[in-house]
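Data block below; observations after.
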Amino acid sequence: MPDDSRTHPPGRPTAIVFAGGVALGAYEGGAYATLQEGEGLHPDWVLGSSIGAVTAAIIAGNAPEHRIARLRQFWQMATADPTPVTSFWFGVPDAGAWRQAHNQASVMETLFFGRPGIFRPRLSGSPRLGADDVSALYDLAPLHAQLAELVDFDRINRGGVRLSLVATDVVSGERVVFDTARGTTVGPEHVVASCALLPMFAPIEVEGRLLADGGLSSNAPLDLVLDDPAFAGALCFVIDLFAPEGSRPHTLGASLSRATDLAFGNQSRRLWEGQEREQRLRAVIGRLGARLPPELHADPEIAALLAEGRPRPVEMHYLSYRAGLDEAGAGKVLDFSRATFADRWRAGEEAMRAVLHAVGPAPGEAAGLSIREHSEVS
C-alpha cells in the first residue's frame, strides 16, 4: 500500500470535497496546495464532482510529493494568454475594463477552439468520446488522454487514499457514486463521465449506464462524508466554486452569473441543512433512549433503533469562490486565461489559510455536526 503519511491527529480522519465549476477549479488547486504545503495535511478521503473529480483523481492518483506539481501541470496545459500580442507590448492588465476584455477574449477562445488537454469542438466525422446518438458541442477525449498521463489509476485502486466520484444517470436522473472503498475500480472513464455537462459534452456510458456531469445531481457531494459512520469525528473541508452569498446584480450578465452561483451553491446548503435535521433527530432518539427502562435496551429491535441516536461528530469547513468584479461574468467558467488562473489559485491559497485558523481540536464523542461557513469578501 502507498505510503501516504499523515500529520493530522491520530484517529481523526480528514476528507476534502471538491465541487464542479470548469475553469473555476483552479481555486481548488490553490486551496489544496495550502493544506499540503502549509499544514503537511494529506487527506484520507477525497471526493469530487465535475472538475472537482479531476482534482480529486489527481490527488488520489499521485504520491504526496507530486500532487501539487501534477495539479499545476494540468492547469498550465489548459490555460493560455488570449491576447499575446498586446500582453507582449503592454503587459497583462491587472484590473478594470481592459482586464475584463482580456478575460472575455479568453472565453471566446474557449468557445471557438476548446481547451488543450480538456475538450475540443465535436466535429462531424472525427473520432469522438461519448454517446454518438447525443448531440453535443465539444468532445472530452483530450481529458481522457491527459488523465492517463497525470493519474496513476493503479495507485488509486490500491486504496491508499479513498476516492469518490459523482456522476448523474441521464435516463433515471439518479446520482451515481463511484467509491473505491465500496468496490469500484476507477478508471479515466469514471472521471470523464463526472465532467460530461450536457449539452456541452455528450454523456459517457460506464458500467451499462449513460452518465453525465455530477453537478446535475450534487455539485459538492458533502453528504457522503456526513453519512458515513466510519468518518465520525472527521475534519472535512468543502471547497465550492459557486458562492451562495453574493452582491446585487446590475447587468444582464451579472444576473446570469448570479443565477448560476445560486443554482449550484445552494445545493450545498440544502445538503447540510438536511444533515443538521438528521443530527437533531438523532439527539431526540438519544434523549428518548435515556428515558427507557434498562430492560428495553436489551431488546435487539429497540437496541438497533437506539443506535441511530448516537451522534456523528464532524467538523466541516465550507469555503466557496466568489469571482472578482473583473471576471468574465456569466462566462467565468470558461475563462482559461493564464492570468485568471493565477488569480484563482492565489485566492484558493489565501482562503484556505484563513480557514485553517478556525480549525479546532477533534470533537468529543457527544459532539454533533459543526459547520463553519467561510465567506469571502469581494
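Annotation for Pro43 and Val46: closest pair CG-CG1, 3.6 Å, computed over non-hydrogen atoms. In plain terms, the two heavy atoms of His374 and Ala358 that are nearest each other are CE1-CB, 3.7 Å.
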Expected list for residues 298-307: side-chain donor-acceptor pairs under 3.5 angstrom, two or more places apart:
from: Asp299; atom 1: OD1; to: Glu301; atom 2: N; distance (Å): 2.8
from: Asp299; atom 1: OD1; to: Ile302; atom 2: N; distance (Å): 3.2

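Using a 3.5 Å distance cut-off with no hydrogens or angles, the side chains of Ser247 and Arg258 do not pair a donor with an acceptor. Side-chain N/O atoms of Asn157 and Thr185 include no donor and acceptor closer than 3.5 Å.
Using a 4.0 Å cut-off between a side-chain N of Lys or Arg and a carboxylate O of Asp or Glu, Glu245 and Arg322 do not qualify as a salt bridge. Under 4.0 Å is where a charged nitrogen must lie from a carboxylate oxygen, and between Arg344 and Glu28 no such pair does. Using a cut-off of 4.0 Å between Lys/Arg side-chain N and Asp/Glu carboxylate O, Arg269 and Asp240 are scored as not salt-bridged. Comment: Asp343 engages Arg346 in a salt bridge, judged by a side-chain N to carboxylate O separation of less than 4.0 angstrom. The pair Arg155-Asp152 fails the salt-bridge criterion, with no side-chain N (NZ, NE, NH1 or NH2) lying under 4.0 Å from an Asp/Glu carboxylate O.
Put simply, the side chain of Gln73 never gets that close to the backbone of Leu150: no donor and acceptor are under 3.5 Å apart.
Contacts classified as ring-ring contact (aromatic ring centres under 6.0 Å, His included) and involving residues 270-294 (residues at least two apart or in different chains) are given here: Trp272-Tyr318. Sorted by first and then second residue, the pairs that involve residues 135-182 and meet ring-ring contact (aromatic ring centres under 6.0 Å, His included), not counting sequence neighbours, are Phe119-Tyr138, Phe178-His190.
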#### Entry: Step-by-step salt bridge (charged side-chain N to carboxylate O under 4.0 Å, His left out) determination, Asp169 to Arg209
CA-CA 7 Å; Asp169 189 306; Arg209 304 182 78 167; 2.7 Å; yes
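Put simply, Leu210 and Leu216 are part of two different groups of oily side chains (I, L, V, M, F, W, Y) that touch within less than 4.5 Å, one to the next. Linking Ile, Leu, Val, Met, Phe, Trp and Tyr whenever their side-chain heavy atoms come within less than 4.5 Å puts Leu356 and Leu235 in one cluster.
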